[in-house]
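Presented below is the structure to which this report refers.
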Amino acid sequence: LTFTEVGKNLPGLPRGALTGDDPFWISRVDASHFDAGTAYVSVDGHRSDDLHPYVFVTRDYGKTFESITNDLPSYGNVQVIREDPRNKDLLFVGTEFGLYVSLNGGKHWEKFMNDYPTVRTDDIFIHPRDGDLIVATHGRSIWIADDITPLEQLTPAVQAQDVALLTPRPAVAYITDLTNNPHIGGQKVFVGDNAPRGTAISYYLKSGASDVKLSIVDALGRTLCTSDGPKDPGLHRVQWTLVAPMRAGEGRGAGGGGGGGGGFGGPAGPPDNGCSAVFGGRGGGGFGGGANAVEPGTYTAKLVVNGQTYTKPVEVLDDRSFKVR
């Protein structure tokens, strides 16, 4: 086993950064999931009073490097860079002041999510099974962006389409078991927020639309719920909470529906008409009564945009047989 020093091949670093005269640190090396010769490198110079970002990619085992810092904010040294395991063009960078994402391999960067704090972001992990983005910060705990699989599917080919309904992540019909929720008294109680029930139905609009309807249809062709979807250009999501309308004799709820979903980092969507309703008789969005949870099985998400229909299967898994892989 031998090593070759390739740090000298990093372009654009200040004089003395890698010689020890004005030392910089290699804060992360992330090997590509798609090509053996490709790796991403971030360099941190804050110990030498340089807070500029430095991010590079090599595609030839370190013989040459290309800067992909591009339009990252000029103030904010980089702690970590990660390549998504399912989309080679989807990159995430953690800096001293936040979290950034690129959909095109580092050519353009955007701040990720509206409610993420301005905080040093030390590490990033994409969950291999669930597609959740897990982020460790310095002083602001751990953050999880639930279900980034729509971003993983947002390839250049998808972005070239006028409308694209993306494949939903399977939903688990979780069963609430109060016997597994023991009480801990005093100051030791800590409860985090669970992910929303069900699964997000995501779609992409290249130029916006005048009318968007999203429905869930069962195996018999019955429409279980319908929601108005956001109409602006971009990536949007509507959360299906595994609801189905109450039928005659099943009782009635208290009325009122849930809220709709907005795009990644975008504004909230319009009021929901049913697919995000609370089941179990606590809200009847769109049905004038309550809603029940659906049974495990395969359903269909139907998106109608300006009269054109798009469909994708939605799998609902049984909590009792669902296994962590």
Side-chain angles (χ1 to χ4, degrees), residues 1-112 116 118-128 133-140 142-143 148 151-152 154-156:
L1 180 65
T2 60
F3 289 90
T4 301
E5 199 282 304
V6 297
K8 62 182 182 295
N9 299 332
L10 293 168
L13 291 178
R15 187 181 183 89
L18 296 172
T19 64
D21 298 327
D22 192 16
F24 280 39
W25 294 60
I26 304 297
S27 57
R28 199 65 50 122
V29 177
D30 191 45
S32 173
H33 300 273
F34 302 91
D35 177 65
T38 298
Y40 299 88
V41 177
S42 58
V43 181
D44 174 17
H46 86 273
R47 295 170 181 84
S48 296
D49 297 324
D50 188 328
L51 295 182
H52 295 97
Y54 298 100
V55 185
F56 305 91
V57 61
T58 178
R59 297 183 175 88
D60 54 10
Y61 297 93
K63 294 178 183 178
T64 62
F65 286 87
E66 172 191 355
S67 173
I68 55 173
T69 304
N70 294 318
D71 57 353
L72 278 171
S74 60
Y75 192 68
N77 48 293
V78 177
Q79 310 291 341
V80 58
I81 181 169
R82 291 290 184 204
E83 178 195 66
D84 185 87
R86 300 179 185 90
N87 183 343
K88 65 181 179 63
D89 293 321
L90 180 59
L91 305 177
F92 296 93
V93 155
T95 78
E96 188 72 17
F97 303 110
L99 177 65
Y100 294 84
V101 60
S102 174
L103 297 174
N104 54 12
K107 295 182 180 67
H108 170 62
W109 297 93
E110 292 187 27
K111 190 171 178 63
F112 189 69
Y116 188 81
T118 300
V119 63
R120 191 176 103 187
T121 301
D122 285 334
D123 207 355
I124 299 169
F125 179 73
I126 295 97
H127 196 286
L133 182 69
I134 304 168
V135 180
T137 73
H138 187 83
R140 292 291 185 93
I142 293 175
W143 292 68
I148 65 164
L151 285 180
E152 295 178 328
L154 201 61
T155 62

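If you're wondering where the values come from, they're calculated on a predicted model, not measured in any experiment.
Side-chain contact between Ile26 and Leu10 is present, with at least one heavy-atom pair separated by less than 4.5 Å. The closest side-chain heavy-atom distance from Leu99 to Val93 is not below 4.5 Å.
The backbone N or O of Thr38 sits nowhere less than 3.5 Å from a side-chain atom of Thr58 that would complete a donor-acceptor pair. Here the side chain of Ser42 pairs no donor or acceptor atom with the backbone of Val55 at under 3.5 angstrom. At least one donor-acceptor pair under 3.5 Å links the side chain of Arg28 to the backbone N or O of Asp122. When atom types are taken as modelled, the side chain of Asp123 and the backbone of Ala136 share no donor-acceptor pair closer than 3.5 angstrom. Checked by atom type and distance alone, the side chain of Ser48 pairs as donor or acceptor with a backbone atom of Pro23 at under 3.5 Å. The closest donor-acceptor contact from the side chain of Arg120 to the backbone of Arg140 lies at 3.5 Å or more, if one exists at all. Checked by atom type and distance alone, the side chain of Ser27 pairs as donor or acceptor with a backbone atom of Val78 at under 3.5 Å.
One distance of note links CD1 of Ile148 with CG of Leu90; it measures 5.5 Å at 0.5 Å rounding. Taking CG of Leu13 as the reference point, atom OG of Ser67 lies at 9.0 Å (rounded to 0.5 Å). Considering CH2 of Trp109 and CG of Asn104, their distance stands at 9.0 Å, rounded to 0.5 Å.
Heavy-atom neighbours of Lys88 NZ from other residues, nucleotides or ligands within 6.0 Å: at or below the threshold of 12. Heavy-atom contacts from other residues, nucleotides or ligands closer than 6.0 Å to CD1 of Ile134 number more than 12. Atom CH2 of Trp143 has more than 12 neighbouring heavy atoms from other residues, nucleotides or ligands inside a 6.0 Å radius. Atom NE2 of His33 has more than 12 heavy atoms from other residues, nucleotides or ligands within 6.0 Å.
Contact detail for Ile68 and Gly105: the closest heavy-atom pair is CG2-O, 3.9 Å. Considering all non-hydrogen atoms of both residues, Ile124 and Arg82 come closest at O-NE, 2.9 Å. In terms of heavy atoms, Leu151 sits closest to Asn87 at O-ND2, 3.7 Å. Of all heavy-atom pairs between Thr95 and Gly76, the closest is CB-O, 3.8 Å. Gly98 and Thr121 get closest at one heavy-atom pair: O-OG1, 3.2 Å. Across all non-hydrogen atoms, the minimal contact from Val29 to Ala39 is CG1-CB, 4.5 Å.
With sequence neighbours left out, Glu66 forms a salt bridge (charged side-chain N to carboxylate O under 4.0 Å, His left out) with Arg59. Residues passing the ring pair (Phe, Tyr, Trp, His ring centres under 6.0 Å) test with Phe92 are Phe112, sequence neighbours excluded. Under the rule for a side chain to side chain contact (heavy atoms under 4.5 Å, CB included), the partners of Asn77 that lie at least two apart in sequence or sit in another chain are Asp44, His46, Leu51, Gln79, Glu96.
Counting only N and O atoms by type, the side chains of Tyr61 and Thr4 include no donor and acceptor under 3.5 Å apart. Remark: the His108 side chain and the Asn70 side chain contain no N/O donor-acceptor pair separated by less than 3.5 Å.
Ring-plane geometry between Tyr54 and Phe56 is classed as parallel, the angle between the planes falling under 30 degrees on a 0 to 90 degree scale with a further cut at 60.
Between Lys107 and Asp89 there is no salt bridge, since none of the side-chain N atoms of the basic residue sits less than 4.0 Å from a carboxylate O of the acidic one.
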